[in-house]
Engineer: 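Below is the structure I would like to discuss, written out as structure tokens.
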Protein chains: 2
Amino acid sequence: MHPALKKLFAGKIILTQEQEELVNGCFKPLSARRNEILVQKGSIARHLYLVVKGCLRIFLTNEDGSEATRFLIFDGSMGTAFPSFILKKPSVASVQSLGPSELLTLSYADRQTLFNKIPGWETMYRQAMELAYIESIQRIESLITMDARARYKILLRDHPEIIQRLPSRIVADYLGISQETLSRLKSKK
Amino acid sequence: MHPALKKLFAGKIILTQEQEELVNGCFKPLSARRNEILVQKGSIARHLYLVVKGCLRIFLTNEDGSEATRFLIFDGSMGTAFPSFILKKPSVASVQSLGPSELLTLSYADRQTLFNKIPGWETMYRQAMELAYIESIQRIESLITMDARARYKILLRDHPEIIQRLPSRIVADYLGISQETLSRLKSKK
DNA sequence: ATGATTTTTTGACTATTGTCAACGTTTTTC
DNA sequence: GAAAAACGTTGACAATAGTCAAAAAATCAT
């Protein structure tokens with residue numbers, strides 16, 4: 001089984017040899033180049049992506065060409081244009097690989113297969129879901145209660161990797177502010 | 001079984017007589033008065049609430065006394081101060097009944113009981129979770145890409161019940177804007 | 001019903017953040 | 001390694017939204 005999958009299941013589910021092979025067969029390896037688009041806005045997100053190495057960005061584009069980053073997915077985490085994946089509707093967001101990245105992809109059908117064939121997978125998935133939901137709740141909180149400076153500080157505290165690893169244009173639109181505002185926040189302490 | 005539970009399970013899981021009784025026993029009825037606080041900020045949210053009638057509000061309070069509404073839960077939906085409920089940590093948010101309301105409460109332990117004893121409950125719960133997550137993603141989108149006027153229009157389109165049924169002070173802090181700004185949006189078309 | 005409380009609206013002013021433009025720097029790409 | 005592209009910073013100005021205050025309207029409790 002792929003080491004990233006071993007790690008994902010470690011301490012949660014013990015799999016038989018047969019089950020390991022089933023799981024391994026469901027997750028298909030994929031390499032993505034820097035800036036490669038994995039899901040184009042308007043198309044349907046057909047896969048969940050497990051990021052083995054690199055970083056994915058889920059982002060929105062406005063009519064005027066400006067972009068807003070909805071989520072960032074780092075090594076060890078899973079994600080996709082979620083509303084599109086679940087509802088099977090054209091995605092309003094695009095999915096992009098920020099650097100060169102190594103991924104494992106899981107199709108909707110294979111996700112179902114795992115629900116049916118791997119006892120414990122649905123529980124594991126459900127718990128990951130709950131944590132993702134909690135993250136999004138906290139993001140909403142920061143957006144409705146804090147100004148730009150406070151949101152930046154919180155991001156620096158909770159996710160320094162985002163600020164360290166990513167270009168500030170992307171950090172800015174993740175925070176929902178302009179890059180100029182972010183630049184000013186960084187300089188004025 | 002309580003009619004609200006019948007409705008919740010309808011078309012999803014067929015329960016035996018015994019299972020119906022188990023489910024019914026896990027959900028405890030509770031009436032809440034107008035403005036009653038069900039979960040106080042700082043305490044742990046020990047229950048999920050199914051709103052039979054009325055409306056719950058999950059909200060944050062700042063040091064300066066200002067409030068921000070994180071979520072609103074109407075008839076037929078379930079919710080609570082979710083991060084606190086799942087992580088079993090003191091809640092940063094409070095839960096309040098906006099009008100007189102009828103609720104069914106499910107404790108963390110009873111939720112687990114249902115996971116273990118009712119086949120299909122976890123799938124049903126997981127799907128509800130996914131929809132709640134999608135809602136929160138769309139909320140984030142509106143917060144990072146739109147100004148106050150656009151957010152108001154979207155809310156009017158997607159959740160007119162919120163604007164119709166709730167005082168505008170609460171609509172305003174749900175949108176993340178001041179009540180004065182909301183008042184001006186409404187008058188200037 | 002009526003007095004009290006809360007909610008909503010409006011105005012004047014302020015603060016925060018966004019936009020546009022220019023310039024220097026870093027990073028890609030061939 | 002050189003040209004091109006992308007990125008980051010700064011300044012001037014504009015626009016959006018917040019704050020404070022007061023009055024009008026609606027709602028609640030007895």
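If you're wondering where the values come from, they're calculated on a predicted model, not measured in any experiment.
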Engineer: Measure from the side-chain heavy atoms of Ser178(A) and tell me the nearest of dG18(D), dT8(C), dT19(C).
Structural biologist: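 Nearest to the side-chain atoms of Ser178(A), counting from C-beta on, is dT19(C).
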Engineer: Decide yes or no on side-chain hydrogen bond (donor to acceptor under 3.5 Å, both in side chains) for Thr113(B) and Asn116(B), but give the supporting numbers first.
Structural biologist: CA-CA 5 Å; Thr113(B) 301; Asn116(B) 295 329; 6.0 Å; no
Engineer: Roughly how many Å is it from CG in Leu98(B) to P in dT7(C), rounded to a whole number?
Structural biologist: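 For the pair Leu98(B) CG and dT7(C) P, the rounded distance is 11 Å.
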Engineer: In whole angstrom, what separates Arg169(B)'s CZ from dT9(C)'s P?
Structural biologist: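 Spelled out: CZ on Arg169(B) to P on dT9(C) is 14 Å.
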Engineer: If you find the nucleotide of DNA chain D closest to Arg34(A) and the one closest to Arg34(B), which residue's nucleotide is nearer the 5' end?
Structural biologist: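 Closest to the 5' end, via its nearest nucleotide, is Arg34(A).
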Engineer: How many Å lie between CZ on Arg33(A) and P on dT28(C), as a whole number?
Structural biologist: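 For the pair Arg33(A) CZ and dT28(C) P, the rounded distance is 16 Å.
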Engineer: Would you please say whether a donor-acceptor pair under 3.5 Å links the side chains of Thr69(A) and Arg57(A)?
Structural biologist: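 Arg57(A) and Thr69(A) do have a side-chain donor-acceptor pair below 3.5 Å.
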Engineer: Return the value, rounded to whole Å, for the distance between atom CG of Leu166(A) and atom P of dT27(C).
Structural biologist: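 Taking atom P of dT27(C) as the reference, CG of Leu166(A) is at 14 Å.
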Engineer: Against the six-membered ring of Tyr152(B), is Lys186(B) placed for a cation-pi contact (under 6.0 Å from the centre, within 45° of the normal)?
Structural biologist: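 Lys186(B) over Tyr152(B) ring: no.
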Engineer: Just the rounded figure in Å: distance from P of dA17(D) to CZ of Arg149(B).
Structural biologist: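 After rounding, the gap between these two atoms is 8 Å.
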Engineer: Distance check needed: dG18(D) P versus Ile144(A) CD1, whole Å only.
Structural biologist: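 So the two atoms are 12 Å apart, to the nearest Å.
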Engineer: If only side-chain N and O atoms count, and only distance matters, is there a donor-acceptor pair under 3.5 Å linking Ser91(A) with Ser84(A)?
Structural biologist: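 No donor-acceptor contact under 3.5 Å links the two side chains.
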Engineer: Which value, in whole Å, describes the distance between the C1' atoms of nucleotides dC13(D) and dG24(C)?
Structural biologist: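 dC13(D) and dG24(C) have their C1' atoms separated by 22 Å.
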Engineer: Atom pairs, N/O to N/O, protein against nucleotides 9-16 of chain D, distance under 3.5 Å?
Structural biologist:
| from | atom 1 | to | atom 2 | distance (Å) |
| --- | --- | --- | --- | --- |
| dT9(D) | OP2 | Ser183(A) | OG | 3.4 |
| dT9(D) | O5' | Ser183(A) | OG | 3.4 |
| dG11(D) | N7 | Arg184(A) | NH2 | 2.6 |
| dG11(D) | O6 | Arg184(A) | NH2 | 3.0 |
| dA12(D) | N6 | Arg184(A) | NH2 | 3.4 |

Engineer: Looking at Phe85(A), I'd like to know if the NZ or CZ of Arg111(A) sits under 6.0 Å from its six-membered ring centre while staying within 45 degrees of the ring's axis.
Structural biologist: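 The answer is no, since Arg111(A) fails at least one limit relative to Phe85(A).
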Engineer: Cut-off 3.5 Å, side chains only: do Glu130(A) and Tyr125(B) have a donor facing an acceptor?
Structural biologist: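 Tyr125(B) and Glu130(A) do have a side-chain donor-acceptor pair below 3.5 Å.
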Engineer: Check the distance between dT8(C)'s C1' and Ile177(B)'s CD1 and give it to me in whole angstrom.
Structural biologist: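 For the pair Ile177(B) CD1 and dT8(C) C1', the rounded distance is 14 Å.
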Engineer: Between Thr80(B) and Leu48(B), what is the shortest heavy-atom contact and its length?
Structural biologist: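 Smallest interatomic distance, heavy atoms only, reads CG2-CD2, 3.8 Å.
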Engineer: What is the distance, rounded to the nearest whole Å, between atom CD of Glu67(B) and atom P of dT7(C)?
Structural biologist: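 For the pair Glu67(B) CD and dT7(C) P, the rounded distance is 10 Å.
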